[in-house]
Amino acid sequence: MSEMFLEKYRALVPKYLADDWQEEDGIPEAELDAALAGLKLTLPQAMREFYLALGGCEDIMEAYHYFWDPEELEVDDEGFLMFLEDEDESYTWGIRMGDLSVPDPIVWRKNNARGEWKSEDGTFSEFTFDMLAWAFEDEDEES
């Protein structure tokens with residue numbers, strides 16, 4: 001499968017961190033595959049390329065919200081692959097297991113207090129780009 005998102009994700013390092021993208025900003029493919037081996041699932045292309053491009057970049061992986069490392073990904077009892085939480089652990093974001101074959105699936109948000117999932121009405125790549133833009137713009141306004 002050809003890369004659809006990899007270069008766009010890599011471009012976030014110079015955009016938000018004013019530095020060139022380096023190999024260590026991503027996770028090597030073999031390392032990613034090893035980390036995911038226990039899950040026995042295939043990540044959607046948009047999510048896989050996110051980890052390949054930025055999985056090693058702590059400044060982006062922990063920008064206000066926390067993207068889970070590949071070995072921390074888990075599937076909840078309701079059938080969502082969870083990948084992100086906010087700093088207060090009030091919300092968790094995930095993708096429906098039935099949508100993992102879609103290259104860029106819709107993201108869902110769980111209100112942890114109520115245990116309810118709600119669609120974010122955006123794909124993984126849209127959600128990720130928007131969330132990081134919000135996180136870094138918010139940081140810029142505080143400076």
Side-chain angles (χ1 to χ4, degrees), residues 1-29 31-36 38-39 41-143:
M1 191 178 300
S2 65
E3 297 167 344
M4 294 172 50
F5 308 97
L6 196 63
E7 290 306 318
K8 291 177 184 172
Y9 290 137
R10 287 178 179 168
L12 296 177
V13 172
K15 181 176 182 174
Y16 294 130
L17 306 179
D19 200 359
D20 292 335
W21 181 87
Q22 305 289 320
E23 295 249 351
E24 56 270 11
D25 289 329
I27 296 177
E29 197 161 8
E31 188 179 317
L32 179 60
D33 291 340
L36 297 171
L39 280 177
L41 56 80
T42 301
L43 293 182
Q45 183 176 2
M47 182 183 276
R48 180 174 180 78
E49 290 183 23
F50 173 81
Y51 282 108
L52 292 173
L54 299 170
C57 184
E58 193 173 300
D59 289 336
I60 288 182
M61 294 289 289
E62 297 180 2
Y64 194 73
H65 289 23
Y66 301 96
F67 283 93
W68 297 1
D69 292 333
E71 60 274 4
E72 296 172 336
L73 296 174
E74 64 179 88
V75 178
D76 76 349
D77 293 338
E78 297 174 72
F80 285 86
L81 174 64
M82 300 178 295
F83 66 88
L84 177 75
E85 64 189 346
D86 68 323
E87 63 184 349
D88 298 326
E89 298 181 7
S90 299
Y91 296 95
T92 303
W93 285 264
I95 296 171
R96 285 184 172 174
M97 290 295 292
D99 294 340
L100 293 184
S101 63
V102 176
D104 197 10
I106 297 293
V107 170
W108 292 71
R109 180 184 68 206
K110 180 179 184 178
N111 179 314
N112 293 333
R114 292 195 302 261
E116 298 171 350
W117 285 97
K118 180 181 178 192
S119 174
E120 289 281 32
D121 295 326
T123 65
F124 179 85
S125 66
E126 292 169 335
F127 170 81
T128 301
F129 289 123
D130 289 349
M131 192 275 297
L132 291 172
W134 169 80
F136 282 98
E137 287 171 12
D138 190 44
E139 284 181 10
D140 291 343
E141 289 172 10
E142 291 176 12
S143 301

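These figures come from a predicted structure and were not determined experimentally.
- Applying the side chain to side chain donor-acceptor pair (under 3.5 Å) rule to D33 yields the partners R48; only residues at least two apart in sequence or on another chain are considered.
- Rounding to the nearest 0.5 Å places OH of Y9 at 14.0 Å from SG of C57.
- Inter-residue side-chain proximity for I60 and L12 is flagged as met; some heavy-atom pair is nearer than 4.5 Å.
- Rounding to the nearest 0.5 Å places CE of M47 at 3.5 Å from CD1 of I95.
- From E31, atom CD reaches atom CG of L36 across 10.5 Å, with rounding to the nearest 0.5 Å.
- Checking side-chain atoms of D86 against main-chain N and O of H65 turns up no donor-acceptor pair under 3.5 Å.
- Using a 4.5 Å heavy-atom cutoff, the side chains of Y64 and M131 are not in contact.
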Residues M97, L41; criterion side chain to side chain contact (heavy atoms under 4.5 Å, CB included); working and verdict
CA-CA 9 Å; M97 290 295 292; L41 56 80; 3.8 Å; yes
CA sep, side-chain torsions, deciding dist, call: I27, L54, side chain to side chain contact (heavy atoms under 4.5 Å, CB included):
CA-CA 7 Å; I27 296 177; L54 299 170; over 6 Å; no
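- Residues F136 and L17 form a side-chain contact, since some pair of their non-hydrogen atoms from C-beta on lies under 4.5 Å apart.
- Heavy atoms from other residues, nucleotides or ligands lying under 6.0 Å from CD of E23 number 12 at most.
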Between Y91 and K118, is the side chain to side chain contact (heavy atoms under 4.5 Å, CB included) condition met? List the steps.
CA-CA 11 Å; Y91 296 95; K118 180 181 178 192; over 6 Å; no
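- F83 and F124 have their aromatic ring centers within a separation under 6.0 angstrom.
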Determine, stepwise, if the pair N112 / S90 fulfils side chain to side chain contact (heavy atoms under 4.5 Å, CB included).
CA-CA 5 Å; N112 293 333; S90 299; 5.5 Å; no
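- Without hydrogens or angle criteria, E85 side chain to T92 main chain gives no donor-acceptor distance under 3.5 Å.
- More than 12 heavy atoms of other residues, nucleotides or ligands sit less than 6.0 Å from atom CD of E87.
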Only pairs under 3.5 Å count here: list side-chain donor-acceptor contacts from residues 67-77, not counting sequence neighbours, and write none if there are none.
| residue | atom | partner | partner atom | Å |
| --- | --- | --- | --- | --- |
| E72 | OE1 | D69 | N | 3.1 |
| D76 | OD1 | E78 | N | 3.1 |
| D76 | OD1 | G79 | N | 3.0 |
| D76 | OD1 | F80 | N | 2.8 |
| D76 | OD2 | W117 | NE1 | 3.1 |

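- Using modelled atom types, one side-chain atom of E126 and one backbone atom of T123 make a donor-acceptor pair closer than 3.5 Å.
- For the pair Q45 (side chain) and P103 (backbone), a donor-acceptor distance under 3.5 Å is absent.
- Contact check for L52 versus L6: side-chain heavy atoms found under the 4.5 Å cut-off.
- Between K110 and E116 there is no side-chain heavy-atom pair separated by less than 4.5 Å.
- Residue pairs that meet the side chain to side chain donor-acceptor pair (under 3.5 Å) test with at least one member in residues 12-21, sequence neighbours left out, do not exist here.
- Between E89 atom CD and Y66 atom OH the span is 9.5 Å, to the nearest 0.5 Å.
- Between the side chain of D130 and the backbone N or O of F127 there is no donor-acceptor pair closer than 3.5 Å.
- Looking at L81 and D99, their side chains never come closer than 4.5 Å, going by heavy atoms from C-beta outward.
- Atoms OG and CD1, on S119 and I106 in that order, are 5.5 Å from each other to the nearest 0.5 Å.
- Contact between N111 and A113 at its shortest, heavy atoms only, is OD1-N, 3.0 Å.
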